[in-house]
Chemist: 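One structure is given below, represented as structure tokens, and several questions about it will come after.
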Amino acid sequence: MAIETFEGLADTLGQENPARDRPVVCVQGLGFVGVAMAIAVADARNTRGEPRFNVVGVELPNPDGKGKVEAINAGRMPMANSDVRLHEALERARREGNLVATTDASAYGLASITLVDIQLDVENRGDRPSVDFTGLRAAIRTLGESMPRGSLVIVETTVPPGTCTHVVAPELESALATRGLPVDSILLAHAYERVMPGAEYLDSIINFWHVYAGHSPAAADACEAFLSRVINVDKFPLTRLMSTTASETAKVLENSYRATNIAFMEEWGRFGEAVGIDIFEIVEAIRVRPTHDNIRQPGFGVGGYCLTKDPYLADIGAREFFGHEGLDFPFSHTAVGINKAMPYVSVRQVEALLGGQLDQKEILLLGVSYRRDVGDTRYGPSESFVREAEARGARVSCHDPLVEYWPEMDRHLPGEIPSARGFDAVVFAVPHGAYAEIDLEGWLAGATPLVFDANAVLSLAQRKAFRNLGCEVASIGRGRNCE
Ligand SMILES: NC(=O)c1ccc[n+]([C@@H]2O[C@H](COP(=O)([O-])OP(=O)(O)OC[C@H]3O[C@@H](n4cnc5c(N)ncnc54)[C@H](O)[C@@H]3O)[C@@H](O)[C@H]2O)c1
């Protein structure tokens, strides 16, 4: 039976205090973006301090989707994260009774607004990348079949420029036609998140600048009105762009810029190592120039769901929607390739430092997520490191304070950092806060493995302490003679 009211849905889910009489916002997809968005929207308050919206997170009825729904309905985050404020906001939503989750798509029938936060994978991450729109089309169709007249769809998924115009709008229109409704019965807008999972997860949504555009002026106005109720727009004003294609492009361009900036530093890391200087020290010296303050630094590699694929999306949009076969994106494409190759540099350096071969060597890899203080392992460089080192004969043990199970490698990881004894090398790959707090002497317990800092994880004091305890220490981006 179709869901008829928010209160009824909340009631069936055992919410003690189901909220009523507020506009309902559905969030389609409870992944890293959707979960945080659902909580942020549920936490938005009016001037009297009351919640503005009732929020329903909607997932697919598969085991993963059901797990996420169960977690939200039980007041738990579906994924590990270190942002206390996000946990507190989830608690508040539970107390207010204004956030629930379901796999029942009839919930969209309640929605004044639906935020589309589903994934869109890039396939064949090679020369001719492509996107399969089947999942996105189906998701949008569901909205067109059930959302009320006058409601608003905001696509937040990162898509090839042109997608809202050439895929989303036609799919919505065709679904509306089956209901005998005119094309403008549901408004369509694009906005994007710059969400940063980690310690500032919630702030990266509500205390951050947003860019948006409407498929029509009315949709742009409606999107602006919604974002203004959730985001701290007094301090972080919104930017409206001329079209959804422009807004889609802004997201793709800013991520391509960042991926390229990171890739650019890779060759300078090799240079620093070769000539015996510390590139991190140099980068700090350069960053004092306001024009250069976001220059990146050498590292272990780039992972996560965004920077590894977004630089391909403009190329796909140009070909798929605008018939431009000849537009090249050499910087963006090369950046992805360079970033992907980075962890192999660490494998080769560790191999050289261990006498030129890894066969039978025991390596401890500290950090398998793609970013500090985040439990997301998607497309992480640690996966490439482990596969390559093991292909060369090493045995690699892994730890990550935020990852109990590593799905890409089908490995369960220990909760505690394994003792350093018995390892030929310890590789610090991710600058998780927990690694700054290791009692080095107690942990080493007399062992003297090679310590390899692949990602500026260790402080100068830690590197010195390791050396004083008898370990050889080497770093990506620093010559051997550097401290
Ligand atoms: N991860 C980030 O930090 C980040 C930041 C900014 C933007 N983005 C973009 O946001 C989008 C989502 O990213 P993510 O990391 O949250 O992805 P994700 O894979 O973690 O989550 C997507 C979720 O959508 C669900 N889903 C798919 N189809 C659905 C449907 N028809 N109905 C309901 N649920 C459905 C999936 O089951 C999954 O749980 C992507 O386009 C990504 O590029 C991600």
Side-chain angles (χ1 to χ4, degrees), residues 26-40 56-72 77-81 83 86 101-108 111 114-122 131-147 153-160 163-164 168 171 175 190-198 200-202 204-205 208 210-211 247-248 250-252 254-256 258-259 302-313 316 369-371 373-380 407-408:
C26 282
V27 178
Q28 188 179 45
L30 293 174
F32 284 86
V33 177
V35 159
M37 279 309 289
I39 297 171
V56 186
V58 188
E59 257 294 341
L60 292 173
N62 56 30
D64 184 51
K66 285 179 185 164
K68 288 171 177 165
V69 164
E70 272 169 33
I72 289 292
M77 282 290 292
M79 63 282 286
N81 97 91
D83 185 4
L86 194 65
T102 180
T103 56
D104 183 343
S106 72
Y108 297 122
T114 294
L115 302 177
V116 177
D117 284 323
I118 68 172
Q119 76 279 25
L120 184 69
D121 295 344
V122 171
V131 158
D132 178 356
F133 289 102
T134 313
L136 179 67
R137 281 187 189 283
I140 297 297
R141 193 157 193 91
T142 313
L143 304 184
E145 284 167 352
S146 45
M147 282 180 68
V153 171
I154 304 178
V155 174
E156 294 203 302
T157 298
T158 309
V159 292
T163 299
C164 279
V168 178
E171 204 61 57
H190 180 269
Y192 62 89
E193 291 305 321
R194 290 156 163 164
V195 54
M196 278 291 188
E200 311 292 322
Y201 208 164
L202 182 62
S204 70
I205 294 174
F208 219 69
H210 282 65
V211 176
S247 174
E248 293 161 338
K251 173 66 180 177
V252 172
E254 70 182 50
N255 274 359
S256 303
R258 189 163 173 88
V302 174
Y305 188 52
C306 297
L307 297 195
T308 50
K309 68 169 170 58
D310 292 356
Y312 290 135
L313 292 175
I316 296 171
S369 71
Y370 84 94
R371 196 167 173 267
D373 299 331
V374 168
D376 185 356
T377 54
R378 290 176 295 174
Y379 306 106
E408 290 79 8

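This chain uses plain numbering: 1 for the first residue, then up along the sequence. Counting starts at 1 for both ligands and their atoms, following the listed order.
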Chemist: Starting from atom 5 (C) of ligand 1, find the nearest protein heavy-atom neighbour and note its residue, name and distance.
Modeler: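 Closest protein heavy atom to atom 5 (C) of ligand 1: Val195 CG1, 3.4 Å.
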
Chemist: What heavy-atom pair brings Arg378 and Phe32 nearest, and what distance separates the two atoms?
Modeler: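 Heavy atoms of Arg378 and Phe32 come nearest at NH2-CD1, 3.1 Å.
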
Chemist: Could you tell me which non-hydrogen atom of Ser256 sits nearest to which non-hydrogen atom of Pro311, and how far apart they are?
Modeler: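 Looks like OG-CA, 3.2 Å.
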
Chemist: Just which atoms of ligand 1 are under 4.0 Å from any heavy atom in Lys309?
Modeler: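 Atoms satisfying the 4.0 Å criterion: 43 (O).
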
Chemist: Give the minimum heavy-atom separation between Lys251 and Glu193, together with the two atoms involved.
Modeler: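 What the structure gives for the nearest pair is NZ-O, 2.9 Å.
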
Chemist: Which one holds for Asp117 and ligand 1: side chain close, backbone close, both close, or neither close, with close meaning a heavy atom under 4.0 Å?
Modeler: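 Backbone only.
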
Chemist: Under 4.0 Å from ligand 1, counting heavy atoms only, is it the side chain of Lys68, its backbone, both or neither?
Modeler: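 Only the side chain of Lys68 comes within reach of ligand 1.
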
Chemist: Is a side-chain donor or acceptor of Ser146 paired with a backbone partner of Ser106 at a separation under 3.5 angstrom?
Modeler: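 No, the answer is negative, given that no donor and acceptor are paired below the 3.5 Å cut-off.
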
Chemist: Using heavy atoms and a threshold below 4.0 Å, how should the contact between Asp376 and ligand 1 be classified: side chain, backbone, both, or neither?
Modeler: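 Answer for Asp376: neither.
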
Chemist: Could you walk me through whether Ser204 and Val195 pass the side chain to side chain contact (heavy atoms under 4.5 Å, CB included) check?
Modeler: CA-CA 5 Å; Ser204 70; Val195 54; 3.7 Å; yes

Chemist: So which heavy atom on Thr103 is nearest to which on Leu60, and how close?
Modeler: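 Shortest heavy-atom contact: CG2-O, 3.6 Å.
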
Chemist: Any side-chain heavy atom of Asp376 within less than 4.5 Å of one from Ser369?
Modeler: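 Answer no - side chains too far apart.
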
Chemist: Give me the nearest non-hydrogen protein atom to atom 22 (C) of ligand 1 as residue plus atom name, then the distance to 0.1 Å.
Modeler: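 Going atom by atom, the protein heavy atom closest to atom 22 (C) of ligand 1 ends up being Gln119 OE1, 3.4 Å.
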
Chemist: For atom 30 (C) of ligand 1, what is the closest protein heavy atom, and at what distance to 0.1 Å?
Modeler: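 Nearest protein contact, heavy atoms only, for atom 30 (C) of ligand 1 is Leu60 CD2, 3.3 Å.
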
Chemist: Is ligand 1 under 4.0 Å from a heavy atom in the side chain of Met196, in the backbone, in both, or in neither?
Modeler: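 Neither; no heavy atom under 4.0 Å.
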
Chemist: Should Val33 be counted as touching ligand 1, given the test is an N or O pair under 3.5 Å?
Modeler: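 The answer is yes, given that Val33 and ligand 1 share an N or O pair closer than 3.5 Å.
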
Chemist: So if I count the atoms of ligand 1 from 1 in the order they appear, which ones are less than 4.0 Å from some heavy atom of Phe32?
Modeler: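 Those atoms are 1 (N), 14 (P), 15 (O), 16 (O), 20 (O).
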
Chemist: Look at ligand 1 and say whether Pro197 reaches it with a heavy atom at a distance under 4.0 Å.
Modeler: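 The answer is yes, since Pro197 has a heavy atom less than 4.0 Å from ligand 1.
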
Chemist: Minimum heavy-atom separation for Val252 and Thr158, please, with both atom names.
Modeler: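 Shortest heavy-atom contact: CG2-CG2, 4.3 Å.
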
Chemist: Taking only heavy atoms of Cys306 into account, list the atoms of ligand 1 that are under 4.0 Å away from them.
Modeler: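 Here the atoms of ligand 1 in question are 2 (C), 4 (C), 5 (C), 8 (N), 43 (O), 44 (C).
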
Chemist: Tell me, which protein residue and heavy-atom name are nearest atom 25 (C) of ligand 1, and how many Å apart are they?
Modeler: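 Of every protein heavy atom, Glu59 OE2, 3.3 Å lies nearest to atom 25 (C) of ligand 1.
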
Chemist: Under 4.0 Å from ligand 1, counting heavy atoms only, is it the side chain of Tyr305, its backbone, both or neither?
Modeler: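 For Tyr305, only side-chain atoms sit under 4.0 Å from ligand 1.
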
Chemist: Return the residue, atom name and 0.1 Å-rounded distance of the protein heavy atom closest to atom 21 (O) of ligand 1.
Modeler: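 So the nearest neighbour among protein heavy atoms is Gly31 CA, 3.1 Å.
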
Chemist: Give the residue and atom name of whichever protein heavy atom lies nearest to atom 11 (C) of ligand 1, and the separation in Å to one decimal.
Modeler: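 The closest heavy atom on the protein side is Ile118 O, 3.5 Å.
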
Chemist: Who's the nearest protein heavy-atom neighbour of atom 9 (C) of ligand 1, and how far?
Modeler: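 Here the nearest protein heavy atom works out to Thr158 OG1, 3.3 Å.
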
Chemist: Would you say the side-chain atoms of Asp310 and Tyr305 include a donor-acceptor pair closer than 3.5 Å?
Modeler: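 Side-chain D/A pair, Asp310 to Tyr305: absent.
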
Chemist: What I want to check is whether the side chains of Glu408 and Thr377 have a donor and an acceptor closer together than 3.5 Å.
Modeler: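 Present: a donor and an acceptor within the cut-off.
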
Chemist: Which pair of heavy atoms, one from Thr308 and one from Gly304, lies closest together, and at what distance?
Modeler: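 In this case the closest contact between Thr308 and Gly304 is OG1-O, 2.7 Å.
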
Chemist: Determine, stepwise, if the pair Glu254 / Tyr192 fulfils side chain to side chain contact (heavy atoms under 4.5 Å, CB included).
Modeler: CA-CA 11 Å; Glu254 70 182 50; Tyr192 62 89; 2.9 Å; yes

Chemist: So which protein heavy atom does atom 19 (O) of ligand 1 come closest to, and at what separation?
Modeler: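 Protein heavy atom with the smallest distance to atom 19 (O) of ligand 1: Arg378 NH1, 3.2 Å.
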
Chemist: Considering the heavy atoms of Ala139, write down every atom of ligand 1 situated less than 4.0 Å from one of them.
Modeler: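 Answer for ligand 1: 31 (N).
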
Chemist: Check contact between Arg194 and ligand 1, using heavy atoms of the residue and a distance below 4.0 angstrom.
Modeler: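 No, Arg194 has no heavy atom closer than 4.0 Å to ligand 1.
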
